[in-house]
Amino acid sequence: MLASVHHHPAFASSFLFPCSHGYPSPRRQSPPTGLHLNRALIKLRRPRGPRPMTFGSNGGEPEVGERLYLGLDFGTSGARFALIDKRGIIHAEGKREYPLFMSEEKMDWARSWKATLFSLLGDIPSHLRKLIASISIDGTSATTLIVDSNTGEPLWRPFLYNESCPDALPTVKSIAPPNHTVCSGSSTLCKLVSWWENDDPNKKYALLLHQADWLLWLLHGKLGVSDYNNALKVGYDPELESYPPWLLSQPYSQLLPSVGAPGTSIGHLKEDIRSDFGFPSDCAVCTGTTDSIAAFLAARATQPGKAVTSLGSTLAIKLLSTTRIEDARFGVYSHRLDDKWLVGGASNTGGAVLRQIFTDQQLEKLSEQIDPMEASPLDYYPLQSVGERFPVADPNMAPRLHPRPESEVEFLHGILESIARIEAKAYNLLKELGATQVDEVFTAGGGARNEKWTKIRERVLGLPVSSAIQTEAAYGAALLALRGIHEK
Ligand SMILES: Nc1ncnc2c1ncn2[C@@H]1O[C@H](COP(=O)(O)OP(=O)(O)O)[C@@H](O)[C@H]1O
Ligand SMILES: O=C(CO)[C@H](O)[C@H](O)COP(=O)(O)O
């Protein structure tokens, strides 16, 4: 079954608001025609690797009574699902690009995400839907919605993950501890304060939700629930397991959602959705996480010193450490993962810059001609637009992609190598700040498929680098759904 949405990633234009931002700007292509061909690439997967002993003899189909666990990943350039059983075998996966919904010349992201959610649910084969025991969702971190606390409807356009609200930074720095994670223009707290100071009359009915929280609310119907990964950048302290006093004493703390551990069951799927799509009556909905943490979970790295670099639209780094590190001067923060810490940050460099210049097919063809053992003399800082979050937190950092050589192969080699140098700088910074020393890097995201890039990165990092067994964040979200049922 094939259906896909022609992707015209809109540039959500900033308006009325002092925040600067951008979503991956569209590849050079004709302006949107407004025509959408709905298409999703669905893969029904026979189990990978040796068939587990107890697996049914009917090859790939779940055993009678077997339950399945659904993870949905709402990334930067599109959304995916993965459907697994309790052994982690994938029974179906699919993806959709975000449809373009414009209202008054602006992209309506909330409407696009909502449409994508229900399209993906419909893309799951109906005979598998009735076996689904739980669902979880990961979203882009610090993507923030201010919604009506009665209806859940957005009161304002979403603040996107890489949007910066420097107007709020002085206020945030005046209340938070020095160099706290929230002391960055792209933090969720800066977005909340920027909205709060915008004098919106709806303040008393407002509620803050993250992208994953809002999408999950559409499924479970309980407003105001988040997880301690998504809530980190609004100021939640995952060690105290509460919001700190300096935040609770603020007038806007009334907008903050309640917070639970990722993969915690919130409640059952809403009855109307359950019956419309044929999900079972006991299908649970669990708290989610952020996309780069879901990618880390998918890689199943469990030892301190192991790291996952997500090479998606952005470069996000997660190093499993026994020590917690936070320093907003460099965009470094630590997410909690049970009794350890995922130390890292997210750069604005990454695949979105590549996608502005090359199609995925061109990337493949040109990469074949690169000698990864040869260092590129080109020194770029590949960004889509002004502003960097990590390992340099500088809202005014300008992109650097010149001089551009005649050869497209040399140009691509220079960009891949320059992104690898940023990755190396990031891991060295984490070591200098006291995190557990990295000893191996797994790669997630679209860039993981580029073997030449992997070899360039091994050379530049001086570390073993390999593609994670599962490179999709949706697989990590599915593991959270599995956990939500089996750790009740
Ligand atoms: N062969 C390749 N080499 C390097 N990057 C690639 C390759 N194929 C795809 N990409 C990049 O992967 C990115 C998409 O990865 P994905 O994980 O889907 O992103 P996200 O989840 O952030 O939307 C794109 O920006 C694209 O440029
Ligand atoms: O770049 C991003 C979107 O893909 C996010 O910033 C990424 O999720 C990193 O944030 P976190 O470390 O909180 O997961």
Side-chain angles (χ1 to χ4, degrees), residues 7 9 23-25 27 73-80 95-98 138-144 160-163 181 184 186-188 210-212 227-234 236 238 262 288-298 308-319 331-337 341-368 370 382 384 388-390 412-413 415-416 419-420 426 443-454 456-457 467-468 471-474 476:
H7 185 57
Y23 231 29
S25 57
R27 254 176 289 164
D73 162 47
F74 277 73
T76 307
S77 57
R80 304 132 184 97
K95 65 180 181 181
R96 288 258 176 172
E97 294 188 342
Y98 296 128
D138 72 76
T140 48
S141 185
T143 293
T144 306
L160 302 180
Y161 69 96
N162 59 348
E163 186 165 342
T181 299
S184 150
S186 60
S187 74
T188 309
H210 307 89
Q211 180 190 30
D227 65 272
Y228 58 52
N229 293 142
N230 272 294
L232 181 81
K233 294 177 181 175
V234 77
Y236 185 82
T289 186
T290 67
D291 56 352
S292 66
I293 291 186
F296 186 90
L297 296 175
V308 171
T309 296
S310 291
L311 281 183
S313 299
T314 61
L315 166 70
I317 278 177
K318 291 280 166 292
L319 166 62
V332 174
Y333 48 84
S334 293
H335 276 290
R336 177 176 163 185
L337 186 70
W341 297 97
L342 284 178
V343 181
S347 162
N348 286 336
T349 195
V353 182
L354 291 170
R355 194 158 261 177
Q356 271 187 321
I357 306 165
F358 306 104
T359 65
D360 290 4
Q361 294 70 29
Q362 286 169 330
L363 287 172
E364 262 183 64
K365 283 278 160 265
L366 293 168
S367 296
E368 285 167 10
I370 291 174
Q384 281 186 284
E388 173 57 316
R389 297 180 286 174
F390 165 78
L412 175 61
H413 187 173
I415 296 174
L416 297 182
I419 294 176
T443 314
R449 66 176 71 111
N450 191 320
E451 288 169 15
K452 292 294 183 69
W453 198 2
T454 300
I456 290 170
R457 294 169 50 226
S467 174
T471 62
E472 289 293 345

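This is a predicted model, so every value here is computed, not measured. Below, all heavy atoms of this structure are taken into account, side chains as well, without hydrogens, waters or symmetry copies. Indexing begins at 1, ligand by ligand and atom by atom, following the structure's order.
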| query | Which of the numbered atoms in ligand 1 are below 4.0 angstrom from a heavy atom of G447? | reply | 5 (N), 12 (O)
| remark: Only residue of L354, L311, L363 satisfying side chain to side chain contact (heavy atoms under 4.5 Å, CB included) with L416 is L354
| said: Residue-level breakdown please: for D360 versus ligand 1, do any non-hydrogen atoms fall below 4.0 Å on the side chain, on the backbone, on both, or on neither? | reply: side chain
| Out of S313, S292, A444, who gets a non-hydrogen atom closest to atom 20 (P) of ligand 1? | S313
| message | Against ligand 1, does E472 come closer than 4.0 Å with any heavy atom? | response | no
| note | Note: ligand 2 atoms sitting under 4.0 Å from heavy atoms of Y333 are 9 (C), 10 (O), 11 (P), 12 (O), 13 (O)
| said: Please list, in number order, the atoms of ligand 1 under 4.0 Å from a heavy atom of G445. | reply: 17 (O)
| field | Per-atom contacts, ligand 1 versus W453 - under 4.0 Å to a heavy atom | value | 4 (C), 5 (N)
| message | My understanding is that we take every heavy atom of each candidate and find the minimum distance to atom 5 (N) of ligand 1. Doing that for T314, L366, T359, L354, which one comes out nearest? | response | L354
| message | If the cut-off is 4.0 Å to any non-hydrogen atom of A346, which atoms of ligand 2 fall inside it? | response | 1 (O), 6 (O), 9 (C)
| message | Does any N or O of ligand 1 fall below 3.5 Å from an N or O anywhere on L416, backbone included? | response | no
| Between S334 and V343, is there a donor-acceptor pair closer than 3.5 Å when you use the side chain of the first and the backbone of the second? | no
| Under 3.5 Å donor-acceptor, S347 side chain and T349 backbone | yes
| task | Under 4.0 Å, heavy atoms only, figure out whether ligand 2 is touched by the backbone of S141, its side chain, both or neither. | result | both
| At under 4.0 Å between heavy atoms, which part of R80 makes contact with ligand 1: side chain, backbone, both or neither? | side chain
